[in-house]
2 protein chains.
Amino acid sequence: MTRRALPPLNGLRAFEAYARSGSMIAAAEALGVTHGAVSRQVRGLELQLGARLLTGPKHALVLSEAGRELAKALTPAFDLIAAALPGAGPSEELVVSCLGTLSMKWLIPRLPAFLDAHPGLRVRIQESHAPVDFSAGGLHAAIRVLSAKSASAYRAVTIMPLHHGPVLSPALLAETGADAERLLRLPRLRSETFRPAWDLWAQGQGVALPSGVTEREFEHNSYMLEAAAAGLGVAVTPWPFAQADIERGRLVAPFGFQALAERFVYLRPPYGDHPAAEAFGQWLAREGRRNARPPAAVVTLGAK
Amino acid sequence: MTRRALPPLNGLRAFEAYARSGSMIAAAEALGVTHGAVSRQVRGLELQLGARLLTGPKHALVLSEAGRELAKALTPAFDLIAAALPGAGPSEELVVSCLGTLSMKWLIPRLPAFLDAHPGLRVRIQESHAPVDFSAGGLHAAIRVLSAKSASAYRAVTIMPLHHGPVLSPALLAETGADAERLLRLPRLRSETFRPAWDLWAQGQGVALPSGVTEREFEHNSYMLEAAAAGLGVAVTPWPFAQADIERGRLVAPFGFQALAERFVYLRPPYGDHPAAEAFGQWLAREGRRNARPPAAVVTLGAK
DNA sequence: CGGCCATGTGAGCTTTCCGCACATGACCCG
DNA sequence: CGGGTCATGTGCGGAAAGCTCACATGGCCG
């Protein structure tokens with residue numbers, strides 16, 4: 001086995017991007033990094049090669065002779081690689097069943113990042129709450145909420161824990177004040193898809209919900225959340241459903257969020273080997289890890 | 001600027017090595033890493049691509065269809081790059097002046113690693129203790145021992161600090177015992193190239209050297225070290241000179257090593273731009289950092 | 001001559017990568 | 001049929017690479 005001494009490949013990629021675009025900043029954008037990163041990579045490559053690739057004053061850099069030579073080979077080489085990547089042919093479609101609200105509020109907004117990173121892959125999301133049935137075929141994976149025990153019956157990976165808590169519009173909070181008792185007397189919003197949310201939360205917090213409070217029920221979590229954002233009352237919802245709205249300031253969660261025993265899991269048929277489904281699962285778990293931390297409470301229950 | 005979505009290049013390199021060698025272990029050796037590293041890289045690439053590259057039971061892995069396609073493109077692509085690297089032409093020679101003992105004991109044993117990483121570069125080492133004179137030409141850089149102040153007159157980078165201390169053969173130590181007073185009465189070995197070594201060390205330790213002790217003087221540090229290894233007495237030497245012998249058990253340093261104000265520095269002419277010389281300096285500094293930590297004392301001075 | 005634009009750089013943090021040691025699993029051989 | 005061996009997979013901890021952010025630099029242009 002001949003031993004080939006190649007310089008750092010990431011440096012080559014950065015240099016090639018620079019050579020094609022003619023500017024650090026443009027290359028940085030093409031690679032999705034900052035200009036400083038490209039600058040370092042190119043510098044590191046020059047050091048490694050022991051040769052100058054760029055010359056001239058730094059506001060008007062120009063490829064050196066050696067740099068031109070190298071770039072002339074790099075571009076076709078990378079093109080060759082890109083053309084040979086699997087998935088260059090007809091794109092494969094991954095079919096995933098997902099809980100409706102999770103899909104709308106969490107998955108779809110993140111999906112472009114996955115698709116960008118996996119060109120030649122398409123993902124079709126089917127919304128469903130029904131128990132997962134892979135036997136019908138045509139479905140490669142599913143996302144559900146399950147307890148650890150139920151999940152163990154499947155080939156499952158945990159995406160993220162399930163934290164839930166009450167959310168409302170900032171305006172309604174301001175009007176009511178940061179007072180736990182008053183907040184719990186605001187109209188309660190429920191979703192048909194998960195009626196016990198409020199009771200489960202109250203039980204977990206060890207508080208009793210005052211009775212005689214207006215309740216409104218919605219067909220879906222997403223309607224309920226819209227209503228909450230519109231200031232109609234307080235909804236108890238999983239953190240991933242509210243995360244984007246909270247970060248944008250459309251909703252606030254004065255009591256923070258509480259962990260439930262269930263988790264969001266990614267399920268696959270117990271048989272078969274589907275690399276794209278596997279990659280999607282890994283990516284989901286990663287995204288889940290990056291976003292699993294809900295904000296803490298700012299209003300204490302039981303405090304006056 | 002078109003945006004090309006390439007998978008992790010290090011994964012591609014690992015996969016190509018695997019495809020060429022037909023085995024994880026062979027590929028690992030070709031890349032200078034362990035088989036586990038290759039295994040992970042290939043696995044990561046499969047995940048990223050969302051496609052199987054290898055199939056079959058793990059004791060008889062075989063390239064999949066997609067894997068063959070990819071490998072077929074990767075090998076020429078990497079060859080193309082390798083051929084276009086600067087330095088493919090006539091190899092450049094870097095001329096470096098170095099202190100004799102440092103060269104023999106420290107630099108030369110490490111040099112192959114640098115040359116491996118920089119094919120198309122040759123390094124000629126000239127041994128010299130004389131003050132550095134770049135004006136004569138033909139010299140690209142030099143390695144010397146200087147104080148921070150003197151070094152600031154040059155274009156200099158620090159390679160490593162200068163620690164020195166007494167060393168002797170393990171046999172002689174065993175015979176004498178771990179007793180500071182008795183050890184300091186053993187014959188003292190000196191080198192003409194640095195006569196004040198013993199006095200400087202004693203002063204730094206705050207001890208007085210017993211008088212009336214046999215002394216032997218040698219023309220060079222390396223003769224002195226050989227004598228020490230042969231059990232003729234105790235030599236005070238910089239850590240880098242003794243490092244290899246200590247690690248191999250030929251020498252021991254019961255008192256550890258003591259820092260001096262001088263350092264090993266890499267000097268370059270103040271003018272001119274020599275990427276290979278720059279790369280060599282960076283590599284030296286790096287090697288220096290990896291080896292700068294001398295062992296601690298095991299015999300305390302002043303203790304009975 | 002002051003502001004602007006492109007690139008270089010120091011500090012600190014995150015991610016990737018690797019080595020090590022061990023696990024796994026399949027084959028072989030007696 | 002059980003132990004040995006060979007090739008590959010994997011959890012863990014630590015090292016290196018890579019990145020961002022913020023600021024420095026240095027030349028151009030108005």
Side-chain angles (χ1 to χ4, degrees), chain A residues 1 6-15 17-19 21-48 52-63 67 113 117 157 273 278 282-283 285-287 289-291 293, chain B residues 1 6-15 17-19 21-48 52-63 67 113 117 157 273 275 278 282-283 285-287 289-293:
Chain A
M1 174 88 185
L6 285 173
L9 298 177
N10 292 328
L12 291 176
R13 168 164 51 192
F15 174 69
Y18 173 84
S21 70
S23 130
M24 293 273 170
I25 293 180
E29 193 187 352
L31 297 172
V33 297
T34 60
H35 72 93
V38 176
S39 173
R40 287 169 201 278
Q41 288 280 349
V42 174
R43 181 108 188 74
L45 183 60
E46 287 187 321
L47 261 177
Q48 167 70 27
R52 281 221 147 281
L53 298 173
L54 305 179
T55 59
K58 72 175 160 192
H59 64 293
L61 287 175
V62 157
L63 292 183
V157 298
D273 179 39
E278 175 72 20
Q282 297 259 56
W283 175 80
R286 190 185 174 70
E287 282 300 308
R289 239 174 287 127
R290 288 160 42 91
N291 295 282
R293 193 143 310 283
Chain B
M1 175 85 187
L6 285 173
L9 297 177
N10 293 328
L12 291 175
R13 168 163 51 191
F15 173 68
Y18 173 83
S21 69
S23 129
M24 292 273 168
I25 293 182
E29 193 186 354
L31 296 172
V33 295
T34 58
H35 73 92
V38 177
S39 172
R40 286 168 204 277
Q41 289 280 348
V42 173
R43 180 107 187 73
L45 182 61
E46 286 187 321
L47 260 177
Q48 167 68 28
R52 280 220 149 282
L53 299 174
L54 273 47
T55 57
K58 74 176 159 189
H59 65 292
L61 286 173
V62 159
L63 292 183
V157 298
D273 180 38
E278 174 74 19
Q282 298 259 56
W283 176 79
R286 189 184 174 69
E287 283 300 308
R289 238 173 287 126
R290 288 159 42 92
N291 296 284
R293 192 142 314 279

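Chain A is the first sequence line, chain B the second, and so forth, proteins listed ahead of strands; every chain is numbered from 1. Keep in mind that this is a model prediction, so the values were computed, not measured.
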Does the A/Q48 side chain pair with the main chain of B/A117, one donor and one acceptor, at a distance under 3.5 Å?
yes

Expressed in angstrom and rounded to an integer, what is the separation of A/Q48 atom CD from D/dA17 atom C1'?
13 Å

How do B/M24 and A/G11 order along DNA chain D: which one's closest nucleotide is nearer the 5' end?
B/M24

Spacing of A/L9 atom CG relative to C/dT16 atom P, expressed in whole Å:
17 Å

Residue mapping more 5' on DNA chain C - nearest nucleotide basis, A/N10 or A/H35:
A/H35

Distance, rounded to the nearest Å, where B/E278 contributes CD and C/dG8 contributes C1'
14 Å

B/Y18 side, atom OH; B/Q41 side, atom CD - distance, nearest 0.5 Å:
15.5 Å

Grab the CD1-C1' distance between B/I25 and D/dG9 for me, whole Å please.
12 Å

B/P8 or A/L61: which one's nearest nucleotide on DNA chain C is closer to the 5' end?
A/L61

Whole-Å gap separating C1' (C/dC5) and CD (A/E29)
16 Å

To the nearest angstrom, how far is A/L47 atom CG from D/dG18 atom P?
13 Å

Check: B/L54 and B/F15 side chains under 4.5 Å, non-hydrogen atoms
yes

Applying a 4.0 Å non-hydrogen cut-off, can you work out what A/A37 is touching in the nucleic acid: base, sugar-phosphate, or nothing?
base

Between A/R286 and C/dT16, is there a side-chain N or O to OP1/OP2 distance below 4.0 Å?
yes

side-chain N/O A/T34 vs D/dT20 OP1/OP2, d < 4.0 Å:
yes

Distance in Å, B/E278 CD paired with A/R52 CZ, rounded so as to fall on 0.5 Å steps
8.5 Å

To the nearest Å, give me how far apart CZ (B/R43) and P (D/dT8) are.
15 Å

Please determine whether a side-chain nitrogen or oxygen atom of B/S39 lies at a distance below 4.0 Å from atom OP1 or OP2 of D/dT8.
no

Rounded to the nearest 0.5 angstrom, the CZ-CG distance for B/R13 and A/L9 is 4.0 Å

Counting only side-chain nitrogens and oxygens, does B/Q41 get under 4.0 Å of the OP1 or OP2 atom of C/dT16?
no

B/R40 has an atom CZ; how far is it from atom C1' of C/dT15, in whole Å?
15 Å

